[in-house]
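Proteins get letters first, then strands, A, B, ... in listed order; numbering begins at 1 in each.
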Amino acid sequence: MSTDNRNSANEEAAKETFDEFRSSFSYGSRTDLLFKFLKSGSEQLADDFLTEILDLTGDLIDNGDTAPIVEAIVRAQSEAYSGPGNFEYDSKPFAILDQPVSESKIALLTTTGHFAHGDDPKPFGMDGLTQEQVVKMTSEFGKADPVLSEIPTTTSVNETMVRHGGYDIRATAADRNVSLPIDRMNELADEGVIGEFVSPAYSFVGLASQLRLRKEIAPAWAAKAKAGGAQAAVLIPI
Amino acid sequence: MSVGHVARAFEEAGIPSVVIMSKVFKDRTAAMNPARILLTPHPMGRPLSAPFDVEKQREVLKAGLNLLETATDGGTVVEYDQPYRTGPFVDQPDRR
C-alpha cells in the first residue's frame, strides 16, 4: 500500500458515522441531556429531527417564533421514549380524597434530585459531587438505593440545590418551580386553594434501583409522608 | 419510572396522589397505572413550565390539584393542552 493510500485509509477510519454522531449526545463526547434521545430513538428519527430543527431555526431568525421548535423537540422526545418501560402493572391502586383540596394537607415529592444547601444526600458517601461528575456516574446511580432529601418549605431559592445525571437540569437550576414548585405551593396555601402545604417537601434522584424502590423504599416513604400529616400528594418526575 | 412506583405506594398507603409530568414519558408511566396523571406538552426537564412562567406554574398545579378531586378511578390520564411558552417573563431576573 502506498503512503497516499494509507493516509486515505486512516482518514476513512477516523470519519464519524451518523450513528456515532447521534449517539455522542447521550453520555458521549457531545453530552447534552436534552437531546440524549437522539440515541434512544431510531437513526431515521434523529435524521428527521435534526433536519426539521435546522429548517425551523431558519424560520426562527426571521419570525422569532420558538413554539415550532419546542413542539418538534417534544414530538421527537415522545417518539424516542414511546412504548412501555420495564414495569407494567394491571392493578390500579386508588385512594379517595376524603375532603376538598382546600381543606387538605398536601405533600410535594419530586424525582428531580433537589436538596437543601448543607444537606447533601452524599451519594456513595461522596459530599459535594458536581453535576458534571454525576452525569458520568449514571450506571452506578441506576444500581443504588435512592436517598430521600427533605427540603423545608421555607427553604430559600438560594439554598436550593439540584443535581441529577439523568436529565437536563438547566431549567430547574434557573427556577426551581419548573419541577419543585415550592414557591407556588406556598402561595396556593396562603390563598386557601390548598389547606396546607406539608413541610418538608421531598426529592430524590429517580435514576435508582427500581426493584428496591418498589419493594421497600417507596412504601417506607409513603408511611413517612402519612406520619407527617399528608392527606394527598403532588408527585413530579423529571 | 420511579414516580410510578412512588405513586402506587402512596395510593396503597391511603394517600391520594397526582403525577404532574411531561407527556414525553406518557407510555412508560401510564403503563404502571398510577392513580392520576396530568400530562403537560412540555420538553423533558420542564414539567410545569419554562423558567419563571409563574402563571403557567400556577395553572398546571391547579389542574393537577383538580384531578385529585375529580378522578373516580385509578389510571386516570388527563392532558393539559395549553402550549409551553418561552420567556422572558415578568419575574425573570435580568440576565444582562
- Item | Nearest-0.5 Å distance that lies between atom CD1 in A/Ile106 and atom CD1 in B/Ile15 | 12.0 Å
- Query: Tell me, side chain or backbone of A/Ile96 under 4.5 Å from chain B's heavy atoms, or both, or neither?
  - Reply: backbone
- Side chain, backbone, both or neither: which part of A/Pro146 has a heavy atom under 4.5 Å from chain B? neither
- Query: Most heavy-atom pairs under 4.5 angstrom with chain A, which of B/Ala9, B/Ala30, B/Pro34, B/Gly64?
  - Reply: B/Ala9
- Item | Residues A/Leu109, B/Phe10; criterion side-chain contact (heavy atoms from CB on, under 4.5 Å); working and verdict | CA-CA 11 Å; A/Leu109 188 153; B/Phe10 271 58; 3.9 Å; yes
- Message: Between A/Ile236 and B/Val19, is there a side-chain heavy-atom distance shorter than 4.5 Å?
- Response: no
- Query: Using non-hydrogen atoms only, which part of B/Phe25 is less than 4.5 Å away from chain A: side chain, backbone, both, or neither?
  - Reply: side chain
- Message: So for B/Val54, is it side chain, backbone, both, or neither that comes closer than 4.5 Å to the heavy atoms of chain A?
- Response: both
- Task: Examine whether an atom of B/Ala50 lies under 4.5 Å from a heavy atom of chain A, and if so say whether it belongs to the side chain, the backbone or both; otherwise answer neither.
- Result: backbone
- Ranking A/Gly206, A/Ala232, A/Pro219, A/Gly85 by heavy-atom pairs under 4.5 Å to chain B gives rank one to A/Ala232
- Message: Within this structure, what is the CG-CG distance for the pair B/Leu67 and A/Leu97, rounded to the nearest 0.5 Å?
- Response: 11.0 Å
- Query: Do B/Ile20 and A/Leu235 have side chains that get closer than 4.5 Å, going by heavy atoms?
  - Reply: no
Please tabulate the donor-acceptor pairs under 3.5 angstrom that span chain A and chain B, backbone and side chains included.
{"unit_1": "A/Thr66", "atom_1": "OG1", "unit_2": "B/Thr86", "atom_2": "OG1", "d": "2.7"}
{"unit_1": "A/Gln77", "atom_1": "OE1", "unit_2": "B/Met44", "atom_2": "N", "d": "3.0"}
{"unit_1": "A/Gly83", "atom_1": "N", "unit_2": "B/Asp27", "atom_2": "OD2", "d": "2.6"}
{"unit_1": "A/Tyr89", "atom_1": "N", "unit_2": "B/Ala31", "atom_2": "O", "d": "3.0"}
{"unit_1": "A/Tyr89", "atom_1": "O", "unit_2": "B/Asn33", "atom_2": "ND2", "d": "2.8"}
{"unit_1": "A/Tyr89", "atom_1": "OH", "unit_2": "B/His5", "atom_2": "NE2", "d": "2.8"}
{"unit_1": "A/Ser91", "atom_1": "O", "unit_2": "B/Arg8", "atom_2": "NH1", "d": "3.0"}
{"unit_1": "A/Ser91", "atom_1": "OG", "unit_2": "B/Arg8", "atom_2": "NH2", "d": "2.6"}
{"unit_1": "A/Ala95", "atom_1": "N", "unit_2": "B/Glu11", "atom_2": "OE1", "d": "2.5"}
{"unit_1": "A/Ala95", "atom_1": "O", "unit_2": "B/Arg36", "atom_2": "NH2", "d": "2.6"}
{"unit_1": "A/Val101", "atom_1": "N", "unit_2": "B/Glu69", "atom_2": "OE2", "d": "2.6"}
{"unit_1": "A/Asp168", "atom_1": "OD2", "unit_2": "B/Arg46", "atom_2": "NH1", "d": "3.2"}
{"unit_1": "A/Asp168", "atom_1": "OD2", "unit_2": "B/Arg46", "atom_2": "NH2", "d": "2.7"}
{"unit_1": "A/Asp175", "atom_1": "OD2", "unit_2": "B/Phe52", "atom_2": "N", "d": "2.7"}
{"unit_1": "A/Asp175", "atom_1": "OD2", "unit_2": "B/Gln57", "atom_2": "NE2", "d": "2.9"}
{"unit_1": "A/Val178", "atom_1": "O", "unit_2": "B/Leu48", "atom_2": "N", "d": "3.1"}
{"unit_1": "A/Arg184", "atom_1": "NH1", "unit_2": "B/Gln57", "atom_2": "OE1", "d": "2.6"}
{"unit_1": "A/Glu187", "atom_1": "OE1", "unit_2": "B/Arg58", "atom_2": "NH1", "d": "3.4"}
{"unit_1": "A/Glu191", "atom_1": "OE1", "unit_2": "B/Arg58", "atom_2": "NH1", "d": "3.4"}
{"unit_1": "A/Glu191", "atom_1": "OE1", "unit_2": "B/Arg58", "atom_2": "NH2", "d": "2.8"}
{"unit_1": "A/Glu191", "atom_1": "OE2", "unit_2": "B/Arg58", "atom_2": "NH1", "d": "3.0"}
{"unit_1": "A/Glu191", "atom_1": "OE2", "unit_2": "B/Arg58", "atom_2": "NH2", "d": "3.4"}
{"unit_1": "A/Gly206", "atom_1": "O", "unit_2": "B/Ser2", "atom_2": "OG", "d": "2.5"}
{"unit_1": "A/Gln210", "atom_1": "OE1", "unit_2": "B/Ser2", "atom_2": "N", "d": "3.4"}
{"unit_1": "A/Gln210", "atom_1": "OE1", "unit_2": "B/His5", "atom_2": "ND1", "d": "3.1"}
{"unit_1": "A/Gln210", "atom_1": "NE2", "unit_2": "B/Ser2", "atom_2": "OG", "d": "2.8"}
{"unit_1": "A/Lys226", "atom_1": "NZ", "unit_2": "B/Ala13", "atom_2": "O", "d": "2.5"}
{"unit_1": "A/Ala233", "atom_1": "N", "unit_2": "B/Pro16", "atom_2": "O", "d": "2.9"}
{"unit_1": "A/Ala233", "atom_1": "O", "unit_2": "B/Val18", "atom_2": "N", "d": "3.0"}
{"unit_1": "A/Leu235", "atom_1": "N", "unit_2": "B/Val18", "atom_2": "O", "d": "2.8"}
{"unit_1": "A/Leu235", "atom_1": "O", "unit_2": "B/Ile20", "atom_2": "N", "d": "2.9"}

- When only pairs under 4.5 Å are counted, which of B/Pro41, B/Pro43, B/Ala7, B/Gly75 shares the most heavy-atom pairs with chain A? B/Pro43
- Picking from A/Pro84, A/Ala218, A/Pro237, which has the most non-hydrogen pairs under 4.5 angstrom with chain B? A/Pro237
- Task: Could you walk me through whether A/Val101 and B/Leu68 pass the side-chain contact (heavy atoms from CB on, under 4.5 Å) test, one step at a time?
- Result: CA-CA 7 Å; A/Val101 163; B/Leu68 280 171; 4.2 Å; yes
- Query: Contact part of A/Leu33 toward chain B, heavy-atom cut-off under 4.5 Å: side chain, backbone, both or neither?
  - Reply: backbone
- Task: Just give me the residue among B/Ala71, B/Pro83, B/Ala31 that pairs up with chain A most often, heavy atom to heavy atom, under 4.5 Å.
- Result: B/Ala31
- Item | Contacting region of A/Ala67 [heavy-atom separation from chain B under 4.5 Å] | neither
- Item | Interface moiety of A/Phe204 toward chain B, non-hydrogen atoms closer than 4.5 Å | side chain
- Counting heavy-atom pairs under 4.5 Å with chain A, the top scorer among B/Ala35, B/Pro16, B/Gly4 is B/Pro16
